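Before I ask anything, here is the structure I am working with.
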Amino acid sequence: MEAALSELTPEADVPVVFVKQRKIGGHGSILKAYQEGRLQKLLKMNDSEDLPESYDYDLVIIGGGSGGLAAAKEAAKYDKKVMVLDFVTPTPLGTRWGLGGTCVNVGCIPKKLMHQAALLGQALRDSRNYGWEVEETVKHDWEKMTEAVQNHIGSLNWGYRVALREKKVVYENAYGQFIGPHRIKATNNKGKEKIYSAERFLIATGERPRYLGIPGDKEYCISSDDLFSLPYCPGKTLVVGASYVALECAGFLAGIGLDVTVMVRSILLRGFDQDMANKIGEHMEEHGVKFIRQFVPIKVSRVACRFVDSILMLKGKKRVVLMVAASFSALTGKIPVTDEEQTNVPYIYAIGDVLEDKLELTPVAIQAGRLLAQRLYAGSTVKVRLTSFVSLPSGIMGLSCLLANVYHSYFWPLEWTVPSRDNNKCYAKVVCNIKDNERVVGFHVLGPNAGEVTQGFAAALKCGLTKKQLDNTIGIHPVCAEVFTTLSVTKRSGGSILQTGC
Amino acid sequence: VAMAAALRGPGARFRWRLAAAGGARVAARVAAGQRDYDLLVIGGGSGGLACAKEAAQLGRRVAVVDYVEPSPRGTRWGLGGTCVNVGCIPKKLMHQAALLGGMIRDARHYGWEVAQPVQHSWRKMAEAVQNHVKSLNWGHRVQLQDRKVKYFNVKASFVNEHTVCGVTKDGKETLLSADNIVIATGGRPRYPTHIEGALEYGITSDDIFWLKESPGKTLVVGASYVALECAGFLTGIGLDTTVMIRSIPLRGFDQQMSSLVTEHMASHGTRFLRGCTPSQVRRLPAGRLQVTWEDRTSGKEDTDTFDTVLWAVGRVPETRSLNLEKSGVKTSPDSQKILVDSRDATSVPHIYAIGDVAEGRPELTPTAIMAGRLLAQRLFGQSAALMDYDNVPTTVFTPLEYGCVGLSEEEAVARHGQEHVEVYHAYYKPLEFTVAERDASQCYIKMVCLREPPQLVLGLHFLGPNAGEVTQGFALGIRCGASYAQVMRTVGIHPTCSEEVVRLRISKRSGLDPTVTGCG
């Protein structure tokens, strides 16, 4: 045997250890490999003759959005060699954008800015009641707003590039595709290909809006991917969909003075508290947004006199189909992961909107990215809490429970009194678990600055807030949020919750 | 004659006319030991009305007496107290008017074609605000009626410990007796009468909200939140405004935050005269006011002309004309406020005091309201619950709002020692400021915690837009004993200003730059 061994290897002694067809060596070599971590790596790798000897990067992240960038910056803190591949496939209209992902470019940020533009329109009207001598009708310039919004987004894109550079994270504006174990091909927009290897990969590619698949949809319709940088005013718009994306867009388009119709197949804001969803719909209708309920579009064509200038498709999101070794759910194209964000391939992880059954929110993706990097490189064991209370656009949180006391009230923001706006439209409700000391398990608010109001209550809910503690807390006067400290009427009682203005 | 003799008992020197048969009836009842009411509330403000309505709801016979002694300038108002008439409500509405001025400027950046600059009409604003306040006065009267609470617009003073004499505006008198009496007369602004011309030519917060004409170029003297809030909205609606501060702004508040508040005001058009005290106010022939003051550091004197001088140098309790000595109720020799125990009882067992008039209580509407309700429940509802004055959240509605709950950094360090306190902080930029090209230099948050795990949150301080809305929920968290870790585990709502609270990771101790950049 020793003769045969000495033919295969330069080793003279036994034992000689082979791991996955690779020779490590004798006892001393095995021990050394174990101490350096190479042994563990070898044991984890997929069986293949094609394994790279060493990796170009510790971590390659596919997708430079909220989750991907958070993970990249965190991993870099632990002196890991990180690369981010980010590439935006243009929309059917040809829209593209820079580094930062959905939130920064075609989500949270431009949405909130355009929402603000709409709110300012209302503020202009209110200001007259408060003594400001503003003209009765003020026109809105879409191009001016979009330019300002895009400038801010540009500064964020730039800021991210600088941040990555400062943290020594390599960034490439290229489309990443797996080509084999631990290997990825990056193609830039000129078609140039480069191949990289990495010990680990993180898929954070997010999602894109889905098209309905009806004649004319791609030719004549736009999506949220196009809206925020549209070079011309969308004009009279039909928004198809009932998600928060649809309603938020419809809302600000109406707020800047456009003629807006929303086409809804069945219910509004599926998955949200339906009581609140209906109130939102009502409010929007009272403020000029038209609704066409229980209809779906079947065809879009260009007409000579252009009745409808733009149709915004916001039906849902298209799932990204990945050509990777990682498995993906056959139905949705999303990626299932463990509670440590690991896919079925041990060295490939995934976070953010691309995940199956997870909340599609920037802060969740950011937290997931950060925690993942800490678990991989800083010895942390902390995972994303799946039961985190999160807030959704109109300040909705927690659960809508049946075995509960639901306390509720209308309220009238003081600032709305002088311009005689909407009394008994703003609404507050808490859902309390009767069986658990009336613990507050749900919080809902419909009114101005709902996000600002809800955030603190989210923290309080996390601390186990009960109705009694809510009642014993002094309100700040006069603000909207204080209504929650004086809720006394339950839905069950049927008592009146109309406010008389005192 | 027997009746008259009985009446002349303890209040022998008290003269009154037996013009009303009602008076005789009251006297008879008093003599017979049966009083008119279970509860008489003196003062129809936040505390008084809350107490009265709660007691009535518990089935008791309740009366409220409310009277507004006109200000030296002659300003008066209706039912509802300070908050409704010359406090929180008109203040917040005028603050809103000022904020809207900023929004009009922002609107241009967001594509609205507004012709700038835009003029502001004080008259229009004041009328709108005053109309809303009047609707609240009316609303309160209707509410009292609905709850079967008797209301008298009379100026009350004690006759004896169970009887109060009420005088109408025209001088008509009534006697009211009750088993229990609650004094909730609040306070009024103080005039610095030692300054020549102060009383004759200056106004206070009692007057500013009721002016029919614009106050014009205004000098606000004082460093309280009243002073800064008023100066703030006056600047915001375009008036030339100066604030004269003797020593430090917002005494009692976290001083780092207070500096940021005034810094913001100074960089947005309010002129500050620090370390100065006025010595004289003179009226010039044309009607304007000339104010002379001393700069305490240089010792030099200076002078300037204003249209209005607004004194915001503190408040005094409304106890002077109550004839408290007839009832035996004791006041603090320093503050003149009524001394109370934890059950709001005065030195006389069946007489209570709540709200701004009571010694040692925060001068806030929501605490007065809650105190009033709890008191009624203790008196008539078999409850023993006492007010908890810990961790009361408040907000200062200056142009950049400051919301806070819990301890200031100084208080925390004093209580626990520097080594046991960890302060997490951040400078942030509200998203809406970006397109509007607004300066966010003073947008700042700090959370004061105990250093030892789990790092209990001792105080939260937020400077930024909608500070009250942001702070309220966190106040609840602090009440539930929130720890730093719990707050950090809360997922943020994106994009808002309040989410920056749950993202506070930089400690002061680390010395790292606390400026927030980007989304995450």
Side-chain angles (χ1 to χ4, degrees), chain A residues 66 70 103-104 108 112-113 116-117 120 123-124 126-127 129-134 138-141 144-145 148 152 159 362-364 366 388 390-391 414-415 417-418 449 451-460 462-465 469 472-482 500-502, chain B residues 88 92-93 96-97 100 103-104 106-107 109-114 118-121 124-125 128 132 136 139-140 143 365-367 370 388 392-395 431-432 434-435 466 468-477 479-480 482 486-487 490-499 518-520:
Chain A
S66 304
C103 168
V104 164
C108 326
K112 190 98 191 293
L113 290 171
Q116 177 69 357
L120 287 171
L124 285 172
D126 284 356
S127 70
N129 298 83
Y130 280 88
W132 292 100
E133 288 162 8
V134 174
V138 181
K139 295 240 277 292
H140 184 263
D141 180 345
K144 180 147 197 227
M145 173 182 73
H152 178 62
T362 280
V364 174
I366 289 176
S388 298
V390 293
S391 251
L414 179 62
E415 295 75 13
T417 56
V418 160
N449 301 303
E452 306 294 4
V453 171
T454 307
Q455 182 72 84
F457 285 93
K462 239 181 163 46
C463 301
L465 180 70
Q469 284 169 317
N472 283 339
T473 302
I474 306 285
I476 297 172
H477 188 66
V479 302
C480 295
E482 69 177 313
T500 46
C502 272
Chain B
C88 328
K92 188 97 191 295
L93 290 172
Q96 176 69 357
L100 285 167
M103 286 189 237
I104 294 171
D106 287 354
H109 295 272
Y110 280 86
W112 292 99
E113 290 165 1
V114 198
V118 180
Q119 299 305 317
H120 182 262
S121 157
K124 181 135 198 238
M125 172 183 76
H132 178 65
L136 294 177
H140 279 301
Q143 258 202 352
T365 282
T367 49
M370 198 184 274
D388 179 1
V392 174
T394 63
T395 298
L431 177 63
E432 294 76 9
T434 57
V435 164
N466 303 300
E469 308 294 6
V470 173
T471 307
Q472 182 72 81
F474 287 105
L476 271 152
R479 208 183 175 74
C480 300
Q486 279 171 313
V487 176
T490 308
V491 180
I493 300 170
H494 188 65
T496 59
C497 295
S498 56
E499 72 175 309
C519 280

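Only heavy atoms go into these numbers, but all of them, side chains included; no hydrogens, no water, no symmetry mates. Remember, predicted model here, so these are calculated numbers, not experimental data. Chain A is the first sequence line, chain B the second, and so forth, proteins listed ahead of strands; every chain is numbered from 1.
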Could you tell me which of V114(B), D106(B), L431(B) has the largest number of non-hydrogen atom pairs under 4.5 Å with chain A?
L431(B)

When rounded to the nearest 0.5 angstrom, what distance separates CZ in F457(A) from CD in Q472(B)?
5.0 Å

On a heavy-atom basis, which atom in C88(B) and which in P478(A) lie closest, and how many Å separate them?
O-CG, 3.8 Å

Closest non-hydrogen atoms of H140(A) and Y110(B), given as atom of the first, atom of the second and distance, are NE2-O, 2.7 Å

Output for pair (M145(A) CE, W112(B) CH2), nearest 0.5 Å, gives 9.0 Å

Close side-chain approach of P393(B) to I474(A), heavy-atom, < 4.5 Å:
yes

In terms of heavy-atom pairs under 4.5 Å with chain A, which of T395(B), N466(B), T367(B) leads?
N466(B)

Residue from V134(A), D126(A), V138(A) scoring the most non-hydrogen pairs under 4.5 Å with chain B is V138(A)

Is H494(B) reaching over with its side chain to a backbone N or O of V364(A), donor-acceptor style, under 3.5 angstrom?
no

Separation between NE2 (H152(A)) and OG1 (T434(B)), nearest 0.5 Å, reads 4.0 Å

So which of T365(B), V392(B), I104(B) has the biggest tally of heavy-atom pairs under 4.5 Å with chain A?
I104(B)

From CA spacing to verdict: side-chain contact (heavy atoms from CB on, under 4.5 Å), L414(A), H132(B)
CA-CA 10 Å; L414(A) 179 62; H132(B) 178 65; 3.7 Å; yes

Separation between OG of S127(A) and CE of M103(B), rounded to the nearest 0.5 Å:
9.0 Å

Would you find a donor on one side and an acceptor on the other, under 3.5 Å apart, between the side chain of E452(A) and the backbone of C497(B)?
yes

Side chains of M125(B) and V418(A) in contact at under 4.5 Å (non-hydrogen atoms)
no

T471(B) to I476(A) - nearest heavy-atom pair and separation:
CB-CD1, 3.8 Å

Out of curiosity, R479(B) CZ to L465(A) CG, how far, rounded to the nearest 0.5 Å?
10.5 Å

Worked check of side-chain contact (heavy atoms from CB on, under 4.5 Å) between N472(A) and D388(B):
CA-CA 8 Å; N472(A) 283 339; D388(B) 179 1; over 6 Å; no

Region of L124(A) in contact with chain B, defined by heavy-atom distances below 4.5 Å:
side chain

Quick check: closest heavy atoms across Y130(A) and H120(B), and the distance to 0.1 Å?
O-NE2, 2.8 Å

Grab the two heavy atoms, one from C463(A) and one from Q486(B), that are nearest each other, plus how far apart they are.
SG-OE1, 3.6 Å

Residue from G477(B), C480(B), A482(B) scoring the most non-hydrogen pairs under 4.5 Å with chain A is C480(B)

Which one, K144(A), E482(A), Q116(A), leads in non-hydrogen pairs under 4.5 Å with chain B?
Q116(A)

Looking only at heavy atoms, the pair that brings A460(A) and G473(B) closest together is CB-O, 3.8 Å

Might you work through the side-chain contact (heavy atoms from CB on, under 4.5 Å) test for K462(A) and V487(B), ending with a clear yes or no?
CA-CA 8 Å; K462(A) 239 181 163 46; V487(B) 176; over 6 Å; no

To the closest 0.5 Å, what do you measure between CH2 (W132(A)) and CD (Q119(B))?
8.5 Å

For a 4.5 angstrom cut-off between non-hydrogen side-chain atoms, does H477(A) reach K92(B)?
no

